[in-house]
Structure formats: structure tokens, C-alpha cells
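A short worksheet on the structure shown next.
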Amino acid sequence: MAMYRGGMPRTKGDHEARRRDVSAAVWQVMATRGFAGLTLRSVAAELGATTGLLTHYFPTKQALVEYALDLLEQRTVSRPRRPTGEGLAALKDALLDILPLTPEATDSNRIWVSSWDTALSDPALSADYARKYAKSRDRLTERVAAAQELGELPPGNPAQIAAGAQAFILGLVVQALLDPPAFPPPRQVELLDDYLAALTAAH
């Protein structure tokens with residue numbers, strides 16, 4: 001990582017490179033220390049820079065938090081997804097994409113979970129998170145409904161089934177993050193398969 005003690009860059013290319021370095025440092029701090037460990041000082045230390053330099057980007061802690069949440073959202077959206085199949089296979093793929101099955105997905109999930117405390121203490125952030133999870137349920141609901149149309153899932157309220165699936169998968173995420181030896185990737189997949197099998201067995 002380049003040292004940045006000599007003042008702001010003068011060219012657009014330097015500025016963009018600096019922003020990429022700052023983004024990488026913010027991400028690394030969140031991945032290793034959690035959201036609670038995100039401070040100007042910790043990001044500066046990761047960069048090998050002064051906290052004074054970072055105030056050009058983040059004049060307040062709130063600005064740093066907002067940037068970190070935007071970065072988390074961008075990383076989550078841009079993460080590679082499994083090819084979408086049809087019906088129940090598509091529902092399973094969507095749920096697998098949430099689980100911490102890879103180092104990258106583990107980092108994202110650790111940051112999301114560690115950011116919940118910040119979100120819960122801020123009404124605006126709480127509302128934003130509620131909207132995000134509602135959108136996720138909507139996407140799952142579409143896949144549940146498609147599986148029902150194909151006869152792969154029993155009839156019933158698809159939104160209710162999707163809400164249960166989301167609750168299951170988020171609970172599994174938390175357990176896998178807190179106790180990785182007990183919930184390695186193969187066991188996570190096995191538990192998901194068991195959950196989906198129970199849904200289909202309701203036929």
C-alpha cells in the first residue's frame with residue numbers, strides 16, 4: 001500500500017487510485033475488526049496514512065459510516081451469483097448466495113452482521129435495512145411462487161414461505177459466523193437441503 005503523507009494527489013488518475021486504496025482500507029478494517037472497529041484512525045493505519053488526510057474524504061465519523069455502508073452494498077450487489085435455474089433450484093441458488101460459503105461471502109456477512117448494531121441505533125438506517133430485507137423477501141417470494149407453479153412446492157402464501165426461508169438463512173448465517181468449526185460450508189449446504197426438503201415434503 002502506498003504511503004500518503006505528502007498531501008493530496010494532483011491528477012484525476014491519482015485521485016481515483018487514492019479512492020480505490022481508501023475503499024480497500026475501509027473494507028479490510030470492516031472485514032477484520034467488524035463495523036464497530038471502523039474509525040478514521042483504523043482506516044488511516046491500514047492505509048499507512050494520517051487521519052488528517054482521511055478528513056478530506058470523511059469530515060465526520062457519520063460520513064465514514066455512510067461510505068462504508070455504500071461500499072458494503074456495492075460489494076454485495078456485485079458479488080458473483082450462481083446461475084439462475086427455475087423453480088426450486090432458483091430458490092436454492094438465491095439462498096446459497098447469502099450463506100458464508102466462501103472467504104468473500106464470509107467477509108460480507110461478517111460486516112453486515114456487525115453493522116446491525118449501528119443500524120439499530122439509527123432510525124434512518126433501521127428503515128433502510130428494513131427496506132433491503134423486504135426487497136430480498138420480495139425476490140424470494142417470486143422464486144417461491146415460481147416453484148409452486150411448477151408443482152415443486154405446496155400451495156400456500158408464497159410471501160409467508162419466503163419470510164420463513166429468509167429467517168432460516170439469516171439464522172444459519174449468524175451460527176456459521178459465530179461457530180465456523182460447527183458450521184463449515186458442507187454442513188450449511190446440508191442444513192439448507194434439509195430445510196428445502198421439509199418444505200417440499202408438505203405436499
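Every value quoted in this text rests on a predicted model; they were computed, and no experiment measured them. Computation of the quantities below employed the complete heavy-atom set of this structure, encompassing side-chain atoms and omitting hydrogens, waters and symmetry-equivalent molecules. For the single chain, residues carry numbers from 1 onward in sequence order.
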Rounded distance [0.5 Å steps], [atom1] in [X] versus [atom2] in [Y]:
| X | Y | atom1 | atom2 | answer |
| --- | --- | --- | --- | --- |
| R41 | E46 | CZ | CD | 15.5 Å |
| S136 | I98 | OG | CD1 | 4.5 Å |
| D97 | D93 | CG | CG | 6.5 Å |
| I161 | Q166 | CD1 | CD | 14.5 Å |
| M30 | I111 | CE | CD1 | 4.5 Å |
| K92 | L192 | NZ | CG | 6.5 Å |

Restricting to non-hydrogen atoms, name the atom on [X] and the atom on [Y] that form the minimum distance, rounded to 0.1 Å.
| X | Y | answer |
| --- | --- | --- |
| G87 | L150 | CA-CD1, 3.7 Å |
| L153 | L88 | CD2-CD1, 3.8 Å |
| T200 | A197 | OG1-O, 2.8 Å |
| A68 | V26 | CB-CG1, 4.0 Å |

Original post:
With sequence neighbours excluded, what pairs up with D122 under the salt bridge (charged side-chain N to carboxylate O under 4.0 Å, His left out) test?
Top reply: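 By the salt bridge (charged side-chain N to carboxylate O under 4.0 Å, His left out) rule, D122 matches no residue at all.
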
Original post:
With K61, which residues qualify under salt bridge (charged side-chain N to carboxylate O under 4.0 Å, His left out), at least two apart?
Top reply: none

Do [X] and [Y] have side chains that approach each other closer than 4.5 Å (heavy atoms only, starting at C-beta)?
| X | Y | result |
| --- | --- | --- |
| Y57 | S23 | no |
| L69 | L125 | yes |
| N109 | V174 | no |

Original post:
Checking D179 side chain against Q175 main chain: does a donor-acceptor pair fall under 3.5 Å?
Top reply: no

Original post:
Does S126 use its side chain to pair, donor to acceptor, with the backbone of A119 at less than 3.5 Å?
Top reply: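 Yes; judged by distance alone, with no hydrogens or angles, the pair exists.
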
**OP:** Test ring-ring contact (aromatic ring centres under 6.0 Å, His included) on Y67 and F58 and set out the steps.
**Re:** CA-CA 8 Å; Y67 179 83; F58 315 116; 5.1 Å; yes

**OP:** Tell me yes or no: between the side chains of S42 and T39, is some donor less than 3.5 Å from an acceptor?
**Re:**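 Side-chain D/A pair, S42 to T39: present.
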
Subject >> Other residues, nucleotides, ligands: >12 heavy atoms within 6.0 Å of E86 CD >> reply: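 No, CD of E86 has 12 or fewer neighbouring heavy atoms, counting only those of other groups under 6.0 Å.
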
Subject >> R131 with D128: basic N within carboxylate O range, under 4.0 Å >> reply: yes

**OP:** List the steps, then state whether side-chain contact (heavy atoms from CB on, under 4.5 Å) holds for Q28 with R33.
**Re:** CA-CA 8 Å; Q28 187 61 30; R33 305 188 187 190; over 6 Å; no

Original post:
Is there a path from L38 to L120 through hydrophobic residues (I, L, V, M, F, W, Y) whose side chains come within less than 4.5 Å of each other?
Top reply: no

Which pairs of donor and acceptor atoms, one on a side chain in residues 140-148, lie under 3.5 Å apart (sequence neighbours left out)?
unit_1 : atom_1 : unit_2 : atom_2 : d
T141   : OG1    : R137   : O      : 2.7
R143   : NH1    : A90    : O      : 2.6
Q148   : NE2    : P154   : O      : 3.0
Q148   : NE2    : G156   : O      : 3.1

**OP:** Verify side-chain contact (heavy atoms from CB on, under 4.5 Å) between V189 and D193, making sure each step is shown before the conclusion.
**Re:** CA-CA 6 Å; V189 175; D193 284 338; 3.8 Å; yes

**OP:** Report the residues that fulfil ring pair (Phe, Tyr, Trp, His ring centres under 6.0 Å) with F35, sequence neighbours left out, ordered by chain and then residue number.
**Re:** none

Subject >> Residues Q188, V173; criterion side-chain contact (heavy atoms from CB on, under 4.5 Å); working and verdict >> reply: CA-CA 9 Å; Q188 295 178 51; V173 164; over 6 Å; no

Subject >> Summary of ring-ring contact (aromatic ring centres under 6.0 Å, His included) pairs that have at least one residue in residues 147-174, sequence neighbours excluded >> reply: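 Every pair satisfying ring-ring contact (aromatic ring centres under 6.0 Å, His included) with a residue in residues 147-174: F168-Y195.
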
Subject >> ring-ring contact (aromatic ring centres under 6.0 Å, His included) contacts in which one or both residues fall within residues 116-155, not counting sequence neighbours >> reply: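 Pairs touching residues 116-155 that pass the test: W112-Y129.
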
